Amino acid sequence: MYTEHRLRFLDCLSKEQACALLFTSPTRVRNHDCDFRYRPDSDFWYLTGFSEEEACLVLLPGADRSQHKSILFLRPRDPLMETWNGRRLGIERAPEVLGVDEAYDIKELWTELPKILSDWERIVYRTGQDADTDRKLIDLVTSLRNKARGGVEPPVELLDTAPLLHELRLFKSEEELKEMRRAALITTEAHIECMRQTEPGMNECEVDALIDYTFRRRGGTGAAYTNIVAGGANACILHYVENNQPLADGALLLIDAGSESNYYASDVTRTFPVNGKFSEEQQAVYEVVLAAQKAAIEGLAPGVPFDWMHRRSLEGIVDGLLELGLLEGTRESVIEDKSYMRFYMHKAGHWLGLDVHDCGAYFLDGASRVLEPGMVLTVEPGIYIADDDETVEERWRGIGVRIEDDILITESGWENLTADIPKEVDEVEAACSGAVVSAAGQGA
Ligand SMILES: [Mn+2]
């Protein structure tokens with residue numbers, strides 16, 4: 001799969017008459033001399049399937065696939081370092097294991113690059129990822145320009161990865177979808193387990209730990225982003241990640257958490273009652289969000305613009321808020337004067353892939369992009385009524401609901417990759433009572 005990605009990108013580079021330079025992510029210090037668990041850069045992973053730190057991929061396109069060349073710079077084997085910090089693939093094994101044409105020691109990168117790049121006028125390189133690498137590359141390009149008088153053809157243009165590589169990443173192959181389905185399956189088990197095990201008196205942190213445990217024990221690469229485990233009014237803080245408060249009897253619990261599988265993400269939100277039974281007001285708000293989400297999903301198909309999904313979600317939320325008496329006016333007036341924004345203040349979704357907010361343009365030539373088969377997006381409307389909002393009756397305050405699924409656009413319409421996670425009111429209450437077991441939970 002990674003070799004195919006590399007060849008497709010090399011075909012694009014060939015048309016652009018550009019070479020490409022892709023670095024994986026640097027390690028990041030957590031504190032003192034301890035790093036965060038390493039996670040490779042998504043572009044680099046997409047093109048290599050190689051997860052070690054300190055590596056750089058150089059792609060040199062030829063006129064056709066037989067003439068394309070890929071060169072990987074990576075760390076050499078080192079018994080002492082491997083004893084301390086983990087196994088390494090090593091230079092000798094890299095061509096066979098990863099399918100690259102050549103492999104060299106990463107320590108030689110900056111002495112080899114002048115020779116490699118001197119023939120290329122256009123280089124695809126993403127600036128702004130790492131200041132040190134940016135500076136080294138700019139110095140290198142400058143020194144090659146200064147040698148131009150000596151007959152060297154210097155690089156003159158740095159091109160961004162977005163229009164080429166990120167357009168490829170936007171369309172998922174069957175093999176990539178296999179990873180995304182696996183991520184969705186692990187996430188399904190985690191959400192169902194949370195519904196089953198949550199009880200009044202537990203702390204958000206216990207549910208958070210259950211999610212991480214489920215993600216990791218199924219062999220995923222962990223959470224695709226920091227879990228949001230928000231009880232009661234904490235759900236009204238959109239990126240609440242403290243996850244350390246007790247869960248009250250009678251409150252809702254909003255969980256926004258998705259597993260990765262080989263670094264491919266899922267991204268799911270469910271909201272359910274801590275004690276297993278929705279109150280009248282909670283259910284009324286929940287059903288508005290659910291109806292809005294389902295209406296937005298049901299209209300998806302190739303040819304539909306991305307922002308139709310946001311618009312349809314918004315209309316559903318606004319209609320419901322008007323019906324509950326939480327807003328005054330008409331659908332048109334409320335959307336026009338933006339009075340809905342106090343209850344619904346975010347967009348209804350985003351692309352999903354190796355990154356949870358995946359790459360790919362949302363607008364083309366100034367217009368919202370039209371959906372095509374192979375794209376995956378989230379649909380995630382919500383309603384958030386702050387606990388200090390004195391413009392609404394007290395019974396509504398502190399209710400926060402979001403429902404989010406991962407939707408694949410297909411030839412004939414759409415497929416919900418996370419459809420097995422309960423979201424109808426009776427299904428959610430059944431899952432809270434322990435009556436639902438996920439497919440993964442049965443021993444997958
Ligand atoms: Mn999302």
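Keep in mind that what you see is a predicted model, and the values were worked out from it rather than measured. All heavy atoms count here, side chains included; hydrogens, waters and symmetry mates do not. Order of listing sets the numbers, starting from 1, for every ligand and every atom in it.
Going from atom SG of Cys236 over to atom OH of Tyr384 covers 8.5 Å, rounded to the nearest 0.5 Å.
Contacts classified as salt bridge (Lys or Arg N to Asp or Glu O under 4.0 Å) and involving residues 10-34 (residues at least two apart or in different chains) are given here: Asp11-Arg65, Glu16-Arg122.
For Arg369, the salt bridge (charged side-chain N to carboxylate O under 4.0 Å, His left out) partners are Glu167, not counting sequence neighbours.
Centroid-to-centroid, the aromatic rings of Phe9 and His68 stay 6.0 Å apart or farther.
Distances under 2.8 Å from the Mn ion (ligand 1) pick out the protein N/O/S atoms Asp267 OD2, His350 NE2, Glu380 OE2, Glu404 OE2.
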Got a list of side-chain donor-acceptor pairs under 3.5 Å for residues 283-291, not counting sequence neighbours?
residue	atom	partner	partner atom	Å
Gln283	NE2	Glu287	OE2	3.3
Tyr286	OH	Lys423	O	2.6

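Across every non-hydrogen atom of Tyr46 and Tyr2, the tightest pair is O-CD2, 3.4 Å.
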